[in-house]
Structures are given as structure tokens and as C-alpha cells.
There are 2 protein chains.
Amino acid sequence: MKPKKSVTIKDVARVAGVSAQTVSRVLNDRPDVSDETRQRIRGIIHELGYAPNIIARSLIQGRSNTIGVVGYGLGYYGPSRTLTGIERQANQLGYSLLLSLLRDPDTSTGESLLPNLLMRKVDGIIWAVPEIGEHRAALLETVRNIPVPIVFINMEPRPDLNVVAIDNFNAARKAVFHLLEQGYRKIGVITGPPTWWESRQREAGWRSAMQEAGFLSAHELEQLCVAGDWYPESGSRGLEELLTRNPSLEAVFAFNDPMALGVLKTAQRLGRRVPDDLAVVGFDDTPEADYFSPPLTTLRQPLIELGGQAVQLLHRLLTTPESPSTPEQIWLQSELVVRSSSISSR
Amino acid sequence: MKPKKSVTIKDVARVAGVSAQTVSRVLNDRPDVSDETRQRIRGIIHELGYAPNIIARSLIQGRSNTIGVVGYGLGYYGPSRTLTGIERQANQLGYSLLLSLLRDPDTSTGESLLPNLLMRKVDGIIWAVPEIGEHRAALLETVRNIPVPIVFINMEPRPDLNVVAIDNFNAARKAVFHLLEQGYRKIGVITGPPTWWESRQREAGWRSAMQEAGFLSAHELEQLCVAGDWYPESGSRGLEELLTRNPSLEAVFAFNDPMALGVLKTAQRLGRRVPDDLAVVGFDDTPEADYFSPPLTTLRQPLIELGGQAVQLLHRLLTTPESPSTPEQIWLQSELVVRSSSISSR
DNA sequence: ATAGCTTTCGTGAACGATAACGGATATTTC
DNA sequence: GAAATATCCGTTATCGTTCACGAAAGCTAT
């Protein structure tokens with residue numbers, strides 16, 4: 001249990017009887033080392049258990065092979081899966097991840113976390129915080145002065161930003177058209193917090209599909225939209241509210257699975273049978289959704305890929321030589337998973 | 001959009017007309033700087049927007065204020081909340097987090113991730129991978145040669161390791177005694193994968209409480225124990241299996257909430273009313289548990305605290321001067337949350 | 001007034017690696 | 001056979017910061 005001062009490149013050099021530079025060349029697979037020397041040094045490296053000090057390397061090279069991730073809401077299904085996708089791809093491309101989590105996205109935009117990441121010289125940043133309320137303006141101003149590339153996840157795309165996002169608008173349309181095809185007309189929604197961009201997009205998608213179908217007036221649509229907070233309880237309350245306003249409600253599209261669970265629960269309590277009296281669709285396809293009563297029709301987002309694409313995009317930005325390439329906006333599509341909560345036998 | 005070579009300590013020094021060392025002293029709040037100079041330098045730092053390069057600092061100080069976290073299974077409720085707790089406490093104590101996730105804990109112990117963390121000179125490591133199967137031996141051997149302190153989360157405690165763990169044994173006993181008090185006698189369990197330590201501990205707790213109660217023989221207990229895989233589907237199958245073996249089954253203790261959901265679902269399908277014909281208890285207290293039908297009695301683990309305690313312990317190890325202090329083993333208790341799935345009206 | 005402290009600050013080296021350059025052999029080219 | 005080129009490797013400087021040491025100035029005490 002000695003302090004065990006770690007082996008440096010000089011130790012290797014000394015043992016091998018060469019200069020540190022030569023060892024460095026072997027480490028970085030440079031061509032100008034004889035095969036014999038290379039093998040010998042490799043052997044010594046292994047023997048001594050030497051591992052290069054990445055900190056020292058970063059200092060001189062000016063890059064750290066580290067990506068800063070600013071995230072929020074690991075308690076939710078989406079963010080935690082997205083982070084998994086980020087880690088997987090980063091690991092594969094040889095990046096390490098410096099993780100910062102936002103505690104409360106309503107009171108802080110997380111800009112305070114940026115200096116810390118920058119001091120640690122991350123090569124780039126992935127911003128995986130849901131876009132909420134009016135943070136955007138302040139954030140964008142800050143971001144403009146940041147010396148490393150940033151990729152945003154699930155933020156309203158703009159031509160001057162690099163963004164990877166789920167196409168929530170079209171995902172919602174898919175769900176609504178599915179319900180319409182099943183013969184449901186009065187389709188209400190329980191949204192997420194209206195400050196969240198993702199929720200607003202889904203709502204816009206619902207509205208667009210409903211208008212296209214043309215069965216209901218704009219006024220009627222207003223009556224069919226209530227706000228939730230992503231938690232089951234708000235699904236419960238939401239359904240009650242919707243039914244109070246529209247006793248003839250035929251279907252509910254909840255903007256995540258936990259709220260859909262609340263809807264199912266309350267529907268049961270009120271004696272509305274799903275799907276015959278009331279269809280229910282969720283959003284997320286959590287592992288539990290298939291075991292709700294009845295099994296829940298829901299939208300499966302490519303979350304692992306979402307994270308992966310963000311890393312790939314960042315990697316492209318980091319490796320493309322000096323070109324101030326035009327920012328990319330990447331959309332990913334969700335898949336509707338149809339289960340019995342929306343298949344009427346009428 | 002200039003490349004904007006970043007400001008260094010020398011730039012600050014030059015503008016202030018002092019040496020870099022003096023600026024360094026101001027940065028580190030050393031006493032030997034006059035108040036006047038200190039204020040002036042502070043002003044210039046702010047003016048220039050200077051931020052110290054932590055990499056350079058780490059290089060000479062030999063510490064990085066970074067904690068390496070090896071985790072697994074962000075898709076599960078437990079691990080993702082634990083990580084949240086880790087990040088929160090680390091952030092508070094001024095550490096950054098270097099995150100590595102294990103892809104498949106069955107085929108790899110994650111030792112391959114260690115060299116990477118060590119090359120990046122993390123000050124310490126938090127091992128937040130569930131203990132599975134026979135990995136332990138190999139892992140411990142590797143760990144012994146690691147030059148930084150490690151704290152293990154939810155691993156079988158041993159006197160020579162620093163461990164923070166949930167007391168799964170007593171948590172399970174709580175659940176079983178609760179069921180016994182409610183008058184249930186034939187209490188079956190659906191475990192997690194038997195290779196997981198957490199699952200084995202819960203099983204041992206169940207067994208211990210059942211033996212203490214003394215209503216059933218050892219043979220009968222065997223018939224009341226089936227293995228699941230943490231997913232709802234295995235809860236479904238588990239219940240069927242239990243009922244086949246024990247038609248007079250009175251209660252089921254599933255070792256996590258998703259499996260309990262599967263149990264509820266299948267109970268309903270088979271026409272067993274919960275809790276009157278069959279009591280159900282879960283483990284985790286996910287936000288959804290209160291919205292199951294009926295609401296689920298379950299165990300709430302202090303997961304945020306689990307992560308927090310791990311960081312605090314590591315911090316203690318890092319700041320205690322040189323003492324090869326004896327390792328600590330910290331147990332955290334879970335709380336039984338009683339809901340209607342286990343409250344019989346009989 | 002001299003010795004001794006304190007307070008305040010600077011100098012040079014070091015941390016561990018790589019970049020830039022150059023030097024010494026060996027090999028090719030005409 | 002001389003010049004040009006390749007091949008292989010070492011020297012020195014550098015990244016941005018802190019450490020160890022010491023020096024100058026002011027103050028106190030005898």
C-alpha cells in the first residue's frame with residue numbers, strides 16, 4: 001500500500017534507454033520509429049504498467065477528448081435514456097463525459113454550469129436540458145461567447161444552432177390520426193407544462209391534425225386541452241377536468257405515459273371502460289406501458305439514437321478542420337406502438 | 001468569431017504589473033497579498049474574463065477535483081436516482097463527475113473502464129454497478145492495485161472496503177412483517193435475477209421473516225419463491241408460476257415495482273381481487289406506484305441520499321490527511337409506504 | 001542602532017506530456 | 001562517388017499553473 005508514485009513517460013524512456021520523445025512517438029503511433037524499438041518500448045510500457053497522463057497531454061494539445069453534458073431530469077424516462085445514448089456513443093468515439101445536472105430548470109438556466117465546464121477544457125458541450133419558458137434568450141446570448149461547439153438536444157431548431165430533436169409535432173399527429181382512424185372524434189389532450197417546448201410541439205401537432213380532420217371548431221378544441229405536469233396525478237385531474245368540460249369526450253392523448261396511467265386509473269374509477277368508452281394514448285413507451293390496464297398505445301421515441309446523434313454531430317464539428325460549417329438541424333421520428341387502449345371494438 | 005486565444009494567468013499578471021505567482025495567490029485566497037493588490041487583481045480578472053485553466057492546475061497539484069463514476073442501468077429507477085444524488089452532492093462539494101456506464105454487467109465487470117478513469121487522474125471512484133454473480137472476485141483483485149480510493153454502492157459490505165448500501169435484508173423483513181400483521185400467511189416472492197446481490201438480500205430478508213413467523217416449513221418456502229428479471233413481464237409469469245405451485249397463495253412480494261405491476265395485471269386477468277384475494281407489495285416506490293390499480297404498497301429507498309452519502313464518504317477519504325483510516329460500511333434504511341394493495345378488509 | 005519578525009512579492013523549477021526542429025546514419029539516385 | 005533523400009531518434013521549448021525558496025521593505029523590541 002505504498003503511495004506508489006505513478007510511472008511517467010520518462011521512466012519508460014530511461015528503462016528503454018531512449019528519449020521521452022521516442023516513447024511519445026510509440027504512444028501516438030507515429031511512423032518514425034523502427035519496428036524493433038517500437039516493440040521493445042511497447043513491452044516496457046506493459047511491463048511497467050505505464051499509462052499516459054491525459055491531463056498533461058491535454059494541457060499541451062489544447063484538447064481533452066472530453067465532452068461536457070448539461071442535463072436535467074434523470075427521474076424522467078426520456079432524459080435518462082438519452083443520457084445512456086450519449087454515453088454509449090461518446091465511449092465508442094473515445095470521449096469521456098463530464099456530467100452536470102440542473103437542479104431546477106425553472107429558476108436557473110444552467111449557464112452557471114458553463115464556466116466550470118470551460119475551465120475543465122471540454123472539447124464541446126451537449127445541452128440536454130428541456131427548453132423551458134423564456135430561458136432561451138438569455139441562454140443563447142451566453143452561448144454565443146462560448147469558445148467550443150455546442151449541440152442542443154430537443155430545443156426549437158434555428159438555422160444558427162446545432163440541434164438534434166425529436167419531431168414531436170409529427171409524432172403527435174401520428175397519434176391523433178390513429179385515433180381518428182379508429183373512429184374517435186372528440187380527442188382531448190393532457191399536455192406537459194406549457195413552458196416546455198416539447199409539450200408545445202405535441203400540442204401543435206394535435207391541433208394541426210384535428211383541424212385537418214375538421215370535425216371540431218377552434219372553440220371546441222380549446223375545451224379539449226388541459227395542462228398536466230408529467231406526473232400521474234395530473235393525468236387523473238386532467239381527465240376529470242376534460243370530462244367536466246366535455247361529457248361526450250371520446251379519447252385522451254396524454255403527453256407521457258405516467259399521465260396516461262393517471263388517466264386510465266381515473267377512467268376506471270369513473271366507470272368509463274377503455275377503450276370502448278374512452279381511448280387513451282400515451283407518449284414514451286416506458287417498459288411498464290405494456291402492462292397498464294389495458295396495455296397502452298403510445299409513441300416510442302428513438303432516445304438512445306437521439307443521444308447518439310448528438311454526440312456524432314459534435315464529433316463532426318470537432319473533427320472537421322476549421323471550417324465554420326453551417327449548423328445542422330437533425331430531426332428524429334417516433335414510432336406509434338399500437339396496443340389495446342386505443343383499439344375500439346365498436 | 002475570432003479563435004480568441006484564452007486569457008492566461010500571465011496576461012492578468014502583465015496587466016496588473018505583478019508576477020503570475022501573486023495572481024495565483026489571489027486565485028487561491030492565500031493570505032500573503034495586500035488587500036489593495038488583491039482587490040486590484042480581482043478587478044482585472046473580472047475585466048479580462050479570466051478563468052483559471054483547471055487542467056494546468058491539476059497537472060502540478062496531482063489532483064483534479066474530479067470523481068469517476070462507474071454506473072449501470074440508468075433505465076432502472078434506482079440507478080438513475082442514485083446518480084442524481086451523486087451529482088447533487090458532488091456539485092455541492094466542488095467535484096466534477098466523469099461518467100462511465102457499463103453496457104452489460106453480465107459479460108463485463110467494467111474493469112476495462114478503470115484505466116481510462118485513472119489516466120484522467122480522477123481523485124476517487126464511485127462504483128455504482130450492482131453486484132452481479134462472480135464478478136466480485138476479479139473486481140476486488142483489480143481494485144486492490146488502484147491508487148485512488150473507491151466507494152462501492154450497494155455491494156456486499158466487507159471490512160476492507162468502503163461501502164454505502166441499502167439494507168435490503170431489513171427492508172424485505174419490514175414488508176413481510178407488514179403482510180403478516182395484515183393476516184396474510186402464504187407470502188410468495190418474485191425476486192430479481194438471483195445473480196444480483198440486492199435481490200439475494202431481499203430474498204434472505206423474506207426467508208428470515210417467514211421463518212421467524214414459523215407458519216410455513218422450509219419446503220413450503222421453496223415453493224413460494226420464483227425468480228424474475230425486474231421487468232413487468234416476469235412479474236406476470238411469476239404470479240402464474242406461484243399460483244400453479246400454491247393455489248392457496250395469499251400474498252406476493254415483488255422485488256421491484258414494475259414486476260409488481262405485472263403481478264397486479266395478471267391477478268386481475270385471473271380474477272383474483274387485490275388485496276382481498278391477494279395482497280401485493282413492491283419495491284422502489286416509483287412515482288407511478290400510487291397510480292397502479294390498486295395503489296401499491298412498496299418500499300421507498302433513500303436513493304438520493306445513497307448517492308450523496310457515497311460522495312461524502314469519498315470526500316472524507318480524500319480530505320483526511322494520509323491516515324489509512326479503516327474503511328467504513330454505511331447502511332441506509334428503507335421506508336415502507338403502505339397503500340391499499342396490501343390492506344385487507346377481511 | 002542592530003537584530004529579529006512580518007508582510008508582501010518575485011524567481012526559477014516543476015508537473016508530464018507533445019511540438020518543432022535538427023542531427024546522425026543508412027539508403028537511394030544520377 | 002557525390003548529392004539527395006529516408007529513416008530514426010534526441011534536444012529544447014512549451015502548455016498554464018503552483019511549489020519552494022528567498023528577498024526586500026517595514027515594523028518591533030532590546
Side-chain angles (χ1 to χ4, degrees), chain A residues 3-42 44-45 48-66 115-116 118-123 147, chain B residues 3-42 44-45 48-66 115-116 118-123 147:
Chain A
K4 207 176 199 176
K5 230 179 133 356
S6 61
V7 193
T8 78
I9 198 172
K10 286 183 188 164
D11 299 323
V12 178
R14 189 161 23 75
V15 174
V18 298
S19 74
Q21 179 60 57
T22 301
V23 179
S24 169
R25 279 191 264 254
V26 172
L27 289 175
N28 297 283
D29 280 321
R30 294 286 155 73
D32 45 355
V33 181
S34 74
D35 270 353
E36 188 237 317
T37 311
R38 194 184 300 274
Q39 293 306 331
R40 193 162 50 87
I41 293 183
R42 285 235 176 87
I44 294 175
I45 286 176
L48 265 52
Y50 165 74
N53 181 330
I54 295 213
I55 297 218
R57 178 181 292 172
S58 301
L59 182 57
I60 196 170
Q61 291 190 331
R63 62 176 325 213
S64 58
N65 283 303
T66 298
N116 184 29
L118 293 176
M119 286 194 313
R120 295 192 129 87
K121 300 290 168 188
V122 295
D123 295 341
Chain B
K4 207 177 197 174
K5 231 180 131 358
S6 61
V7 192
T8 79
I9 199 172
K10 286 181 188 166
D11 298 323
V12 177
R14 189 161 22 75
V15 174
V18 298
S19 74
Q21 179 59 56
T22 301
V23 179
S24 169
R25 278 191 264 255
V26 172
L27 288 175
N28 297 284
D29 279 321
R30 295 285 155 74
D32 47 354
V33 180
S34 74
D35 270 353
E36 188 236 317
T37 312
R38 193 184 301 273
Q39 292 307 330
R40 195 163 50 87
I41 293 182
R42 285 235 176 88
I44 294 173
I45 287 177
L48 266 52
Y50 165 74
N53 181 329
I54 295 213
I55 296 214
R57 179 180 293 171
S58 302
L59 182 56
I60 195 169
Q61 291 189 331
R63 63 176 321 211
S64 58
N65 283 303
T66 299
N116 184 29
L118 293 177
M119 286 196 309
R120 295 193 129 85
K121 298 292 168 189
V122 294
D123 296 341

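In what follows, chains carry the letters A, B, and so on, assigned in the order in which the sequence lines appear, proteins first and then strands, with residues in each chain numbered from 1.
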What is the distance from [atom1] of [X] to [atom2] of [N], rounded to the nearest Å?
{"X": "B:Arg57", "N": "D:dC19", "atom1": "CZ", "atom2": "P", "value": "9 Å"}
{"X": "B:Lys10", "N": "D:dG16", "atom1": "NZ", "atom2": "P", "value": "7 Å"}
{"X": "B:Arg120", "N": "C:dA17", "atom1": "CZ", "atom2": "P", "value": "14 Å"}
{"X": "A:Gln61", "N": "D:dG16", "atom1": "CD", "atom2": "P", "value": "14 Å"}
{"X": "B:Lys121", "N": "C:dC15", "atom1": "NZ", "atom2": "C1'", "value": "11 Å"}
{"X": "A:Ile55", "N": "D:dT18", "atom1": "CD1", "atom2": "P", "value": "14 Å"}
{"X": "B:Leu118", "N": "C:dG16", "atom1": "CG", "atom2": "C1'", "value": "16 Å"}
{"X": "A:Leu59", "N": "D:dA13", "atom1": "CG", "atom2": "P", "value": "18 Å"}

Over all heavy atoms of both residues, which pair between A:Arg38 and A:Val33 is shortest? Give the atoms and the distance, please.
NH2-O, 3.4 Å
Between B:Ala51 and A:Met119 the two heavy atoms that sit nearest each other are CB-CG, 3.8 Å
With sequence neighbours left out, what residues match [X] under side chain to side chain donor-acceptor pair (under 3.5 Å)?
{"X": "B:Arg30", "value": "none"}
{"X": "B:Thr66", "value": "A:Arg120"}
{"X": "A:Arg25", "value": "none"}

Counting only non-hydrogen atoms, which of residues 27-38 of chain A are less than 4.0 Å from DNA chain C?
A:Asn28, A:Arg30
For D:dG16, take OP1 and OP2 only and decide whether either is under 4.0 Å from a side-chain N or O of B:Thr8.
no
Residue-phosphate contact under 4.0 Å: B:Ser19 side-chain N/O, C:dC9 OP1/OP2:
no
State whether the distance check finds a donor on one side and an acceptor on the other, under 3.5 Å, for side chain A:Gln21 versus base C:dA19.
yes
Pairs of donor and acceptor atoms involving the side chains of residues 12-24 of chain B, under 3.5 Å and at least two apart or interchain, shall be tabulated with distances.
residue : atom : partner : partner atom : Å
B:Arg14 : NH2  : B:Asp11 : OD1          : 2.6
B:Ser19 : OG   : B:Gln21 : N            : 3.4
B:Ser19 : OG   : B:Thr22 : N            : 3.3
B:Ser19 : OG   : B:Thr22 : OG1          : 3.3
B:Ser24 : OG   : B:Asn28 : ND2          : 3.4

Nearest-nucleotide comparison on DNA chain C, the residue closer to the 5′ end among B:Thr22 and B:Ala56
B:Thr22
Assign each of A:Arg25 and B:Ile9 to its nearest nucleotide of DNA chain D by heavy atoms, then name whichever residue's nucleotide is nearer the 5' end.
A:Arg25
Please list all pairs passing the salt bridge (Lys or Arg N to Asp or Glu O under 4.0 Å) test where one or both residues lie in residues 48-66 of chain A, with sequence neighbours left out.
A:Arg63-A:Asp123
